[in-house]
Amino acid sequence: MLKRVLIANRGEIALRILRSCREAGIETVAVYSQADREALHVQMATQAVCIGPARAADSYLNQTALLTAAQATGCDGVHPGYGFLSENADFADACAQAGLTFIGPSGAVIRRAGAKSAARTIMREAGVPVSPGSDGPVRSEAEALAAAERVGYPVMLKASAGGGGRGIRRCAGAEELPAALREAQAEALACFGDGEMYLEKLALHPRHIEVQILADRQGNVVHLGDRDCSLQRRSQKLVEEAPAWGLSPELRQEMGEAAVRAARAVGYENAGTVEFLLDPDGEHFYFMEMNTRVQVEHGITELVTGVDIIRQQLRIASGLPLDLTQADIRCTGHAIECRINAEDPAGGFRPCPGQTEFLHLPGGPGVRVDTGLYSGCPLPPYYDSLAAKVMAHAPTRLEAIRKMRRCLEEFALEGFPTTAELCYQLMHHAAFVRGGYATDCLDAHLPELLDFARSLTESEDENA
């Protein structure tokens with residue numbers, strides 16, 4: 001096994017990695033920016049190294065600083081978590097060249113799977129269903145217009161190096177496409193340093209289903225079931241659940257097998273996620289993209305399978321084979337995750353970082369909360385707005401919903417606005433409780449949810 005791992009990340013995912021390392025007997029080195037000096041992961045690691053100023057570009061994205069810290073502290077592995085450099089092929093290569101084990105796929109695999117336009121071609125050749133779209137990237141306005149005319153409107157423009165809902169634009173007609181292409185390219189360049197775009201047919205009212213996979217160096221590949229990530233606002237996930245509701249056993253098996261074929265097609269190694277769009281008919285699904293890292297929502301898969309995904313990442317990176325087969329994996333019960341972001345839903349989801357004046361977390365059987373916050377801890381304005389992930393696991397979906405309602409009633413965070421109240425309302429909304437909701441569900445119902453929240457606030461003010 002690896003002996004000492006540098007955690008090239010921050011917040012709740014840094015803590016999550018740290019805990020699995022500690023249970024595996026692996027020492028940890030935390031890195032932090034000047035803004036994260038008081039962060040929990042810094043206090044809990046075996047060692048901690050400051051790698052620069054608050055700006056991510058000067059700290060968590062500074063490859064030289066990260067590699068220097070790893071070598072100076074005697075690390076033999078680097079875990080990138082999610083975000084930042086987790087899907088950066090050059091960083092994976094740089095780790096290898098420095099004699100460090102990158103806990104994820106190789107740079108070559110990240111390039112094959114992460115270049116989304118090229119990945120579509122690979123998947124098509126591997127027999128994985130792919131939605132109609134451009135044959136490779138669109139390099140000009142004329143190419144984009146021609147591809148859109150061929151597949152038919154509406155279409156979606158996507159950044160090849162994209163993720164997290166960035167570099168995406170919808171187009172209902174040819175008149176919208178030129179401006180949308182320029183905007184998407186500019187956003188992709190700013191977020192990923194790569195403006196390459198591709199185009200695909202926009203599926204109306206689809207569901208977003210993803211399958212967690214694990215692959216070792218010995219050629220073994222398994223999947224850990226599926227998750228429904230359709231509750232999104234402008235392609236940003238807010239609520240996820242595992243397994244996806246309402247899939248037939250045949251469709252669930254077909255999607256799992258397609259995810260395994262996708263992983264084999266790119267020579268995948270370590271933990272990853274294959275994302276699909278499911279048509280409203282509940283029968284046809286299409287490859288969307290492959291995420292070459294651990295996902296934010298990996299925790300709900302861990303709850304229903306009992307598999308420690310981070311521990312498996314460490315084993316695979318150490319050269320060990322998977323210690324489970326597909327036949328060993330059983331999904332039990334249902335799990336739901338609510339992302340509590342430091343955002344103001346009534347203010348257009350404006351980020352609202354600040355000082356955590358008071359924090360109380362829910363507990364009890366089947367409850368898990370991943371957070372890097374504590375009472376008195378600051379949430380810096382320089383990074384992602386995620387404050388906590390609240391997860392509930394129960395024997396049935398309805399019981400999991402009820403448990404999540406109770407958890408959100410107990411959850412208390414004072415100091416800045418969050419999405420906790422919105423998540424609580426969603427747990428009561430008919431569209432969610434019935435299941436089978438689509439990716440446009442939250443945007444469609446958001447006005448009524450916000451009106452309800454305002455009415456509750458006004459009522460509380462009057463009673464006070």
Side-chain angles (χ1 to χ4, degrees), residues 7 9-16 18-19 30-45 48 50 53-56 59-60 81 83 233 236-239 296 299 336-364 367-392 403-428 449-450 452-464:
I7 303 172
N9 217 297
R10 61 177 300 279
E12 61 87 16
I13 189 59
L15 279 171
R16 173 69 191 87
L18 186 151
R19 287 167 175 149
V31 294
Y32 64 95
S33 71
Q34 292 173 358
D36 274 336
R37 189 175 298 277
E38 300 174 30
L40 199 54
H41 75 281
V42 175
Q43 301 175 43
M44 291 180 62
C50 182
R55 257 188 4 128
S59 51
Y60 298 107
R233 177 190 170 270
Q236 299 285 332
K237 301 170 188 174
L238 185 63
V239 175
V296 176
I336 298 172
E337 173 181 285
C338 289
R339 299 192 190 191
I340 311 302
N341 299 326
E343 297 171 352
D344 179 12
F349 289 84
R350 175 178 56 88
C352 299
Q355 190 79 10
T356 309
E357 296 175 1
F358 174 79
L359 178 66
H360 175 75
L361 303 177
V367 175
R368 169 176 163 180
V369 182
D370 287 7
T371 182
L373 297 182
Y374 55 87
S375 294
C377 170
L379 184 70
Y382 310 101
Y383 317 113
D384 188 87
S385 61
L386 182 65
K389 302 185 309 191
V390 178
M391 289 166 267
K403 183 169 288 189
M404 180 59 77
R405 290 171 181 168
R406 189 266 298 171
C407 288
L408 293 173
E409 287 168 0
E410 289 186 23
F411 182 87
L413 195 163
E414 297 178 3
F416 46 82
T418 73
T419 55
E421 176 62 33
L422 176 60
C423 289
Y424 183 67
Q425 293 175 55
L426 282 168
M427 291 300 107
H428 292 80
L449 290 166
L450 295 180
F452 181 63
R454 278 191 287 268
S455 69
L456 286 179
T457 302
E458 291 168 1
S459 176
E460 290 172 359
D461 290 344
E462 290 173 2
N463 291 334

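Along the sequence shown, the residues carry numbers beginning at 1. If you're wondering where the values come from, they're calculated on a predicted model, not measured in any experiment.
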Legend entry - Plane angle bin for Tyr424 and His428 - parallel if under 30°, tilted between 30 and 60°, otherwise perpendicular: perpendicular
Inset, instruction - For Tyr383 and Ser33, test the side chains for any donor-to-acceptor distance below 3.5 angstrom and give the result as yes or no. - result: yes
Inset, instruction - Please confirm whether the backbone N or O of Glu343 pairs with a side-chain atom of Asn341, one donor and one acceptor, at under 3.5 Å? - result: no
Inset, instruction - Nearest 0.5 Å please: distance from the OG1 atom of Thr356 over to the CZ atom of Phe416. - result: 4.0 Å
Legend entry - Steps toward side-chain contact (heavy atoms from CB on, under 4.5 Å) verdict (Phe358, Leu413): CA-CA 6 Å; Phe358 174 79; Leu413 195 163; over 6 Å; no
Legend entry - Distance (rounded to the nearest 0.5 Å) between Leu449 CG and Leu426 CG: 5.5 Å
Inset, instruction - Begin with the C-alpha distance, continue with both residues' side-chain angles, and end with the deciding distance and a verdict on side-chain contact (heavy atoms from CB on, under 4.5 Å) for Ile336 and Val239. - result: CA-CA 7 Å; Ile336 298 172; Val239 175; 4.0 Å; yes
Legend entry - Shortest non-hydrogen separation from Arg339 to Cys423 and the atoms involved: O-SG, 3.8 Å
Legend entry - Ile13 CD1 to Asp370 CG distance, which is reported to the nearest 0.5 Å: 7.5 Å
Legend entry - Residue pair Gly372 / Cys377: nearest heavy atoms and the distance that separates them: O-SG, 4.2 Å
Inset, instruction - Specify the closest pair of heavy atoms between Pro362 and Val367, including all atoms of both residues, with the distance to one decimal. - result: O-CG1, 3.9 Å
Legend entry - Side-chain donor/acceptor of Gln43 to backbone N/O of Glu38, under 3.5 Å: yes
Legend entry - Candidate list Leu386, Val369, Thr371, Leu408, test side chain to side chain contact (heavy atoms under 4.5 Å, CB included), partner Ile340, passing option: Leu408
Inset, instruction - Compare every heavy atom of Tyr374 with every heavy atom of Leu40, then report the nearest pair and how far apart it is. - result: CD1-CD2, 4.0 Å
Inset, instruction - Please confirm whether the backbone N or O of Leu379 pairs with a side-chain atom of Gln355, one donor and one acceptor, at under 3.5 Å? - result: no
Legend entry - Side-chain donor or acceptor of Arg233 paired with backbone N/O of Leu238 under 3.5 Å: no
Legend entry - Short side-chain to backbone donor-acceptor contact, Lys389 and Val296, under 3.5 Å: yes
Inset, instruction - Run the salt-bridge test on Arg406 and Glu410 with the 4.0 Å N-O cut-off and return the result as yes or no. - result: yes
Legend entry - Verdict with reasoning, Arg10 to Tyr32, per side-chain contact (heavy atoms from CB on, under 4.5 Å): CA-CA 7 Å; Arg10 61 177 300 279; Tyr32 64 95; over 6 Å; no
Legend entry - Heavy-atom donor-acceptor pair, Ser59 side chain to Gln34 backbone, under 3.5 Å: no
Legend entry - CG on Asp344 to CZ on Phe349, rounded to 0.5 Å: 9.0 Å
Legend entry - Any donor-acceptor N/O pair, His41 side chain to Arg16 backbone, under 3.5 Å: no
Legend entry - Over all atoms of both residues, closest heavy-atom pair of Pro380 and Ala35: CG-O, 3.8 Å
